[in-house]
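Encoded as C-alpha coordinates, the structure appears first; notes follow it.
Only a predicted model underlies this, so the values are computations on that prediction, with no experimental measurement involved.
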Amino acid sequence: MEKTFENWLVVSDIDGTLNNKLRKLPSRNYAAIKKFTELGGNFTLASGRLQSSLERNYNRITANQPAIVLNGAGLYDYRQKKMMWRNTIGAEGREFVRYISKEFDDIFKSVDIGVYFDDYVYIVKSGLLSKSTMHFDKANYEYVRSVDDIPEDGWMKVIFWSNPFTIIKLENLINKMENPNANFMRSSVLTLEMLQKDTHKGVGIMKLADMLKIEKSHVAAIGDYYNDWDMLKTVGLPACAGQAPSAIHKICKFEACHCNKGCVADLLEYIMSGKAEEEM
(Lines give C-alpha, C1' and ligand atoms only; values in the text may rest on other atoms or scores of the structure.)
Protein backbone atom coordinates (compact mmCIF):
# COMPACT_ATOMS: atom_id res chain seq x y z
CA MET A 1 0.00 0.00 0.00
CA GLU A 2 1.30 3.46 -0.95
CA LYS A 3 2.25 5.68 1.99
CA THR A 4 -0.02 8.64 2.74
CA PHE A 5 0.93 12.10 4.05
CA GLU A 6 -1.91 13.42 6.23
CA ASN A 7 0.70 14.35 8.83
CA TRP A 8 2.45 16.82 6.50
CA LEU A 9 1.67 20.46 5.70
CA VAL A 10 3.60 22.00 2.81
CA VAL A 11 3.32 25.70 1.98
CA SER A 12 4.75 27.44 -1.08
CA ASP A 13 5.49 31.03 -1.99
CA ILE A 14 4.22 31.93 -5.48
CA ASP A 15 6.40 34.05 -7.77
CA GLY A 16 9.86 32.58 -8.16
CA THR A 17 8.78 29.42 -6.34
CA LEU A 18 5.47 27.88 -7.40
CA ASN A 19 5.68 29.80 -10.68
CA ASN A 20 8.74 30.19 -12.88
CA LYS A 21 10.40 33.49 -13.76
CA LEU A 22 7.79 34.07 -16.48
CA ARG A 23 5.05 33.63 -13.83
CA LYS A 24 3.99 30.34 -15.41
CA LEU A 25 3.25 27.14 -13.49
CA PRO A 26 5.70 24.35 -14.42
CA SER A 27 3.80 21.16 -15.26
CA ARG A 28 6.15 19.25 -12.96
CA ASN A 29 4.94 21.31 -9.98
CA TYR A 30 1.29 20.72 -10.85
CA ALA A 31 1.79 16.96 -11.11
CA ALA A 32 3.69 16.70 -7.82
CA ILE A 33 1.11 18.78 -5.91
CA LYS A 34 -1.69 16.64 -7.34
CA LYS A 35 0.01 13.42 -6.29
CA PHE A 36 0.84 14.76 -2.81
CA THR A 37 -2.72 15.91 -2.11
CA GLU A 38 -4.20 12.69 -3.54
CA LEU A 39 -2.04 10.85 -1.00
CA GLY A 40 -3.57 12.89 1.81
CA GLY A 41 -0.92 15.62 2.03
CA ASN A 42 -1.93 19.14 3.04
CA PHE A 43 -0.80 21.81 0.59
CA THR A 44 -1.43 25.53 0.28
CA LEU A 45 0.11 28.86 -0.73
CA ALA A 46 1.54 31.80 1.19
CA SER A 47 1.64 35.24 -0.35
CA GLY A 48 1.62 38.95 0.32
CA ARG A 49 -1.36 39.27 -1.99
CA LEU A 50 -5.03 39.85 -1.28
CA GLN A 51 -7.30 36.80 -1.28
CA SER A 52 -8.83 37.73 -4.66
CA SER A 53 -5.40 38.26 -6.23
CA LEU A 54 -4.13 34.95 -4.85
CA GLU A 55 -7.21 33.01 -5.92
CA ARG A 56 -6.12 32.62 -9.55
CA ASN A 57 -2.96 30.79 -8.51
CA TYR A 58 -4.76 28.80 -5.81
CA ASN A 59 -7.35 27.48 -8.27
CA ARG A 60 -4.71 26.38 -10.79
CA ILE A 61 -3.43 23.67 -8.44
CA THR A 62 -4.94 21.10 -6.09
CA ALA A 63 -4.38 23.11 -2.91
CA ASN A 64 -6.62 21.78 -0.15
CA GLN A 65 -6.11 24.06 2.88
CA PRO A 66 -6.72 27.76 3.65
CA ALA A 67 -4.14 30.11 2.15
CA ILE A 68 -1.82 32.42 4.05
CA VAL A 69 -2.63 35.88 2.67
CA LEU A 70 -1.13 39.35 3.10
CA ASN A 71 2.23 37.94 4.28
CA GLY A 72 0.71 36.12 7.24
CA ALA A 73 -1.81 38.71 8.41
CA GLY A 74 -4.68 36.38 7.51
CA LEU A 75 -5.79 32.82 6.74
CA TYR A 76 -8.41 32.65 4.00
CA ASP A 77 -10.53 29.56 3.29
CA TYR A 78 -11.56 29.48 -0.38
CA ARG A 79 -14.04 26.69 0.22
CA GLN A 80 -15.99 28.56 2.88
CA LYS A 81 -15.23 31.97 1.28
CA LYS A 82 -14.21 33.56 4.56
CA MET A 83 -11.23 34.74 6.57
CA MET A 84 -10.53 32.08 9.19
CA TRP A 85 -8.08 34.21 11.20
CA ARG A 86 -6.54 37.67 10.98
CA ASN A 87 -4.02 39.83 12.84
CA THR A 88 -4.57 43.53 12.17
CA ILE A 89 -2.28 46.52 12.68
CA GLY A 90 -2.89 48.27 15.98
CA ALA A 91 -3.27 51.93 16.88
CA GLU A 92 0.49 52.49 17.25
CA GLY A 93 1.17 51.23 13.76
CA ARG A 94 -1.63 53.27 12.22
CA GLU A 95 -0.39 56.40 13.97
CA PHE A 96 3.13 55.71 12.72
CA VAL A 97 1.95 55.67 9.08
CA ARG A 98 -0.06 58.83 9.67
CA TYR A 99 2.93 60.53 11.31
CA ILE A 100 5.31 59.59 8.50
CA SER A 101 2.91 60.67 5.75
CA LYS A 102 2.39 64.10 7.36
CA GLU A 103 5.66 64.98 9.09
CA PHE A 104 8.12 63.56 6.56
CA ASP A 105 6.52 64.68 3.32
CA ASP A 106 9.94 65.69 1.96
CA ILE A 107 10.85 61.99 1.95
CA PHE A 108 7.44 60.80 0.82
CA LYS A 109 7.02 62.99 -2.25
CA SER A 110 8.17 60.02 -4.30
CA VAL A 111 6.60 57.32 -2.10
CA ASP A 112 3.21 55.68 -2.57
CA ILE A 113 1.42 54.23 0.47
CA GLY A 114 -1.02 51.32 0.22
CA VAL A 115 -3.15 50.26 3.19
CA TYR A 116 -4.50 46.73 2.76
CA PHE A 117 -7.73 45.43 4.29
CA ASP A 118 -9.15 41.89 3.87
CA ASP A 119 -9.67 42.31 0.14
CA TYR A 120 -9.44 46.05 -0.50
CA VAL A 121 -6.64 48.61 -0.77
CA TYR A 122 -6.57 52.34 -0.07
CA ILE A 123 -3.81 54.14 -1.98
CA VAL A 124 -2.32 57.43 -0.74
CA LYS A 125 -0.14 59.45 -3.16
CA SER A 126 -0.74 57.40 -6.29
CA GLY A 127 2.21 56.77 -8.58
CA LEU A 128 3.42 54.37 -11.25
CA LEU A 129 4.53 51.62 -8.85
CA SER A 130 1.27 51.45 -6.91
CA LYS A 131 -0.76 51.64 -10.12
CA SER A 132 1.18 48.78 -11.71
CA THR A 133 0.80 46.63 -8.57
CA MET A 134 -2.95 47.19 -8.45
CA HIS A 135 -3.21 46.39 -12.17
CA PHE A 136 -1.10 43.24 -11.92
CA ASP A 137 -2.94 41.97 -8.83
CA LYS A 138 -6.35 42.96 -10.24
CA ALA A 139 -7.02 44.35 -6.77
CA ASN A 140 -10.07 46.21 -5.55
CA TYR A 141 -8.78 49.67 -4.58
CA GLU A 142 -9.43 53.37 -4.39
CA TYR A 143 -7.29 56.50 -4.12
CA VAL A 144 -7.57 58.77 -1.08
CA ARG A 145 -6.04 62.17 -0.40
CA SER A 146 -4.78 61.38 3.08
CA VAL A 147 -4.24 58.55 5.57
CA ASP A 148 -6.97 60.28 7.60
CA ASP A 149 -9.47 59.27 4.89
CA ILE A 150 -8.85 55.55 5.57
CA PRO A 151 -11.08 53.64 8.04
CA GLU A 152 -9.40 53.04 11.41
CA ASP A 153 -10.16 49.35 11.93
CA GLY A 154 -9.09 46.42 9.78
CA TRP A 155 -5.61 47.38 8.54
CA MET A 156 -3.94 44.09 7.56
CA LYS A 157 -0.72 45.47 6.09
CA VAL A 158 0.84 48.60 4.63
CA ILE A 159 3.12 48.82 1.58
CA PHE A 160 5.48 51.70 0.80
CA TRP A 161 6.53 51.89 -2.87
CA SER A 162 9.45 53.96 -4.15
CA ASN A 163 12.82 53.88 -5.89
CA PRO A 164 15.58 51.85 -4.16
CA PHE A 165 17.39 54.92 -2.78
CA THR A 166 14.26 56.34 -1.14
CA ILE A 167 13.30 52.94 0.29
CA ILE A 168 16.75 52.78 1.93
CA LYS A 169 16.19 56.28 3.37
CA LEU A 170 12.87 55.12 4.75
CA GLU A 171 14.46 52.03 6.32
CA ASN A 172 17.15 54.16 7.94
CA LEU A 173 14.49 56.50 9.29
CA ILE A 174 12.52 53.59 10.77
CA ASN A 175 15.65 52.11 12.36
CA LYS A 176 16.29 55.40 14.18
CA MET A 177 12.75 55.64 15.53
CA GLU A 178 11.08 53.68 18.30
CA ASN A 179 9.42 50.58 16.85
CA PRO A 180 5.67 51.32 16.60
CA ASN A 181 4.64 47.79 17.60
CA ALA A 182 5.11 46.74 13.97
CA ASN A 183 7.07 44.33 11.78
CA PHE A 184 8.84 45.73 8.70
CA MET A 185 10.18 43.71 5.78
CA ARG A 186 11.60 44.30 2.32
CA SER A 187 9.58 42.44 -0.32
CA SER A 188 11.64 43.86 -3.22
CA VAL A 189 14.13 46.65 -3.93
CA LEU A 190 11.12 48.90 -4.58
CA THR A 191 8.87 47.97 -1.67
CA LEU A 192 8.87 47.99 2.12
CA GLU A 193 6.00 46.30 3.93
CA MET A 194 4.61 46.79 7.41
CA LEU A 195 2.58 44.32 9.48
CA GLN A 196 1.50 44.13 13.09
CA LYS A 197 4.40 43.14 15.36
CA ASP A 198 5.26 39.42 15.32
CA THR A 199 3.24 38.90 12.13
CA HIS A 200 4.73 37.16 9.09
CA LYS A 201 4.04 34.19 6.81
CA GLY A 202 5.47 31.79 9.37
CA VAL A 203 2.96 32.89 12.00
CA GLY A 204 0.08 32.22 9.61
CA ILE A 205 1.52 28.84 8.64
CA MET A 206 1.91 27.69 12.24
CA LYS A 207 -1.59 28.93 13.05
CA LEU A 208 -2.85 26.68 10.23
CA ALA A 209 -0.68 23.79 11.45
CA ASP A 210 -2.21 24.13 14.91
CA MET A 211 -5.70 24.02 13.39
CA LEU A 212 -4.75 20.83 11.51
CA LYS A 213 -2.92 19.37 14.54
CA ILE A 214 0.28 18.90 12.54
CA GLU A 215 3.59 18.87 14.40
CA LYS A 216 6.18 21.54 13.53
CA SER A 217 8.64 18.89 12.36
CA HIS A 218 6.20 18.01 9.58
CA VAL A 219 5.54 21.57 8.45
CA ALA A 220 7.53 22.49 5.34
CA ALA A 221 7.72 25.77 3.46
CA ILE A 222 9.56 26.82 0.31
CA GLY A 223 10.45 30.33 -0.83
CA ASP A 224 12.97 32.29 -2.83
CA TYR A 225 13.57 35.75 -1.33
CA TYR A 226 14.17 37.73 1.87
CA ASN A 227 10.46 38.28 2.45
CA ASP A 228 10.32 34.51 3.04
CA TRP A 229 13.02 34.67 5.72
CA ASP A 230 10.73 34.63 8.77
CA MET A 231 8.58 31.90 7.22
CA LEU A 232 11.61 29.68 6.62
CA LYS A 233 13.02 30.32 10.10
CA THR A 234 9.69 29.28 11.65
CA VAL A 235 8.83 25.93 10.02
CA GLY A 236 10.33 22.52 10.70
CA LEU A 237 11.51 21.89 7.14
CA PRO A 238 12.60 25.12 5.40
CA ALA A 239 13.37 24.81 1.69
CA CYS A 240 14.38 27.26 -1.03
CA ALA A 241 14.38 27.60 -4.79
CA GLY A 242 17.78 27.18 -6.40
CA GLN A 243 18.05 30.84 -7.45
CA ALA A 244 17.43 32.18 -3.91
CA PRO A 245 20.12 34.44 -2.38
CA SER A 246 22.93 32.63 -0.56
CA ALA A 247 21.70 33.88 2.82
CA ILE A 248 18.39 32.10 2.22
CA HIS A 249 20.17 28.86 1.27
CA LYS A 250 22.07 28.96 4.55
CA ILE A 251 18.93 28.78 6.69
CA CYS A 252 17.30 25.98 4.66
CA LYS A 253 17.44 22.24 5.30
CA PHE A 254 16.48 21.43 1.71
CA GLU A 255 17.77 23.19 -1.41
CA ALA A 256 15.64 22.63 -4.49
CA CYS A 257 16.31 23.32 -8.16
CA HIS A 258 15.71 26.65 -9.94
CA CYS A 259 12.06 27.71 -10.02
CA ASN A 260 12.05 27.35 -13.81
CA LYS A 261 12.65 23.62 -13.40
CA GLY A 262 9.95 22.96 -10.78
CA CYS A 263 11.40 23.53 -7.32
CA VAL A 264 8.14 22.76 -5.51
CA ALA A 265 8.13 19.33 -7.14
CA ASP A 266 11.67 18.79 -5.83
CA LEU A 267 10.50 19.39 -2.26
CA LEU A 268 7.36 17.27 -2.54
CA GLU A 269 9.25 14.39 -4.15
CA TYR A 270 11.79 14.57 -1.32
CA ILE A 271 8.99 14.28 1.26
CA MET A 272 7.12 11.56 -0.64
CA SER A 273 10.32 9.54 -1.04
CA GLY A 274 10.54 9.22 2.74
CA LYS A 275 13.95 10.90 2.89
CA ALA A 276 12.59 13.87 4.83
CA GLU A 277 11.49 11.52 7.62
CA GLU A 278 14.81 9.66 7.58
CA GLU A 279 16.88 12.83 7.85
CA MET A 280 14.95 14.44 10.73
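By the salt bridge (Lys or Arg N to Asp or Glu O under 4.0 Å) test, Lys81 pairs with Glu55, sequence neighbours left out. Evaluation of the side-chain contact (heavy atoms from CB on, under 4.5 Å) rule for Glu178 yields no partner, not counting sequence neighbours. Looking at residues two or more places apart in sequence or on another chain, you find a side-chain contact (heavy atoms from CB on, under 4.5 Å) between Leu25 and Leu18, Asn19, Asn29, Tyr30, Arg60, Ile61. In terms of the salt bridge (Lys or Arg N to Asp or Glu O under 4.0 Å) criterion, residue partners of Asp15 (sequence neighbours excluded) are, by chain and number, Arg23, Arg49. In this structure Tyr226 satisfies the ring-ring contact (aromatic ring centres under 6.0 Å, His included) test with no other residue, sequence neighbours excluded. With sequence neighbours excluded, the residues satisfying side-chain contact (heavy atoms from CB on, under 4.5 Å) with Leu129 are Trp161, Leu190. For Leu22, the side-chain contact (heavy atoms from CB on, under 4.5 Å) partners are Asn20, Lys24, not counting sequence neighbours. With sequence neighbours left out, Asp118 forms a salt bridge (Lys or Arg N to Asp or Glu O under 4.0 Å) with Arg86.
Heavy-atom minimum distance, Ser52 versus Asp119: OG-OD1, 2.8 Å. Contact between Arg145 and Val124 at its shortest, heavy atoms only, is O-CG1, 4.1 Å. Among all heavy-atom pairs drawn from Ala221 and Met231, the shortest one is CB-CG, 3.8 Å. Closest of all the heavy-atom pairs between Val69 and Leu75 is CG2-N, 4.4 Å. Closest non-hydrogen pair, Pro151 versus Trp155, comes out as O-NE1, 2.7 Å.
Atom-to-atom distance recorded for Ile159:CD1 and Leu195:CG is 9.0 Å, nearest 0.5 angstrom. Note that the CG atom of Leu232 and the CD1 atom of Ile251 stand 5.0 Å from one another [nearest 0.5 Å]. In this structure, the separation between NZ on Lys169 and OG on Ser162 is 9.0 Å, given to the nearest 0.5 Å. Remark: Leu237 CG to Ser217 OG distance equals 9.5 Å, nearest 0.5 Å. With rounding to the nearest 0.5 Å, the separation of CD1 in Ile271 from CG in Leu267 is 4.0 Å. In this structure, CE in Met177 is found 13.0 Å from CG in Asn172, a value given to the nearest 0.5 Å.
Within the structure, the ring pair (Phe, Tyr, Trp, His ring centres under 6.0 Å) test picks out the following pairs touching residues 45-82 (sequence neighbours left out): Tyr58-Tyr78, Tyr76-Tyr78. Applying the side-chain hydrogen bond (donor to acceptor under 3.5 Å, both in side chains) rule to pairs touching residues 194-211 yields Asp13-Lys201, Asn87-Thr199, Lys201-Asp228, sequence neighbours excluded. The side-chain hydrogen bond (donor to acceptor under 3.5 Å, both in side chains) analysis of residues 231-244, with sequence neighbours excluded, yields no pairs.
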When you look at Lys35 and Glu38, which way does the salt bridge (Lys or Arg N to Asp or Glu O under 4.0 Å) test go after all the steps? CA-CA 5 Å; Lys35 181 177 180 181; Glu38 286 177 347; over 6 Å; no
Verdict with supporting geometry, Asn71 and Glu193, side-chain hydrogen bond (donor to acceptor under 3.5 Å, both in side chains): CA-CA 9 Å; Asn71 277 335; Glu193 302 196 14; 2.5 Å; yes
Test side-chain contact (heavy atoms from CB on, under 4.5 Å) applied to Ile167 and Val189, step by step: CA-CA 8 Å; Ile167 289 294; Val189 296; over 6 Å; no
From CA spacing to verdict: side-chain contact (heavy atoms from CB on, under 4.5 Å), Ile33, Arg28: CA-CA 9 Å; Ile33 295 167; Arg28 183 170 170 242; over 6 Å; no
From CA spacing to verdict: side-chain hydrogen bond (donor to acceptor under 3.5 Å, both in side chains), Thr17, Ser12: CA-CA 7 Å; Thr17 308; Ser12 175; 5.2 Å; no
Quick one: do Met206 and Lys216 satisfy side-chain contact (heavy atoms from CB on, under 4.5 Å)? Show the steps, please. CA-CA 8 Å; Met206 294 313 299; Lys216 180 178 177 178; 3.9 Å; yes
If you apply the rule side-chain contact (heavy atoms from CB on, under 4.5 Å), what do you find for Met211 with Trp85, and how did you get there? CA-CA 11 Å; Met211 290 177 179; Trp85 171 84; 4.2 Å; yes
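Panel note: side chain Lys253, backbone Glu279; no donor-acceptor pair is recorded below 3.5 Å. Put simply, the side chain of Arg94 gets close to the backbone of Glu152: a donor and an acceptor are under 3.5 Å apart. Side chain of Asn42 to backbone of Trp8: a donor-acceptor contact under 3.5 angstrom is found. The backbone N or O of Val147 lies less than 3.5 Å from no partner atom in the side chain of Ser101, so there is not a single donor-acceptor pair.
Taking 4.0 Å as the cut-off between side-chain N and carboxylate O, Lys176 and Glu171 do not count as a salt-bridged pair.
Put simply, the side chain of Ile68 does not reach to within 4.5 Å of the side chain of Leu45, judged on heavy atoms.
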In a table with atom names and distances, give each donor-acceptor pair under 3.5 Å that connects a side chain of residues 254-265 to protein atoms at least two apart or in another chain.
residue : atom : partner : partner atom : Å
Glu255  : OE1  : His249  : ND1          : 2.6
His258  : ND1  : Asn260  : N            : 3.0
Asn260  : OD1  : Lys21   : N            : 2.9

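Checking Asp149 against Ser146 by side-chain atom types alone, no donor-acceptor pair falls below 3.5 Å. Side chains of Asp112 and Ser130: a donor on one and an acceptor on the other come within 3.5 Å.
The aromatic ring centroids of Tyr122 and Phe117 lie less than 6.0 Å from each other. For Tyr141 and Tyr116, the ring centers are positioned 6.0 Å apart or more.
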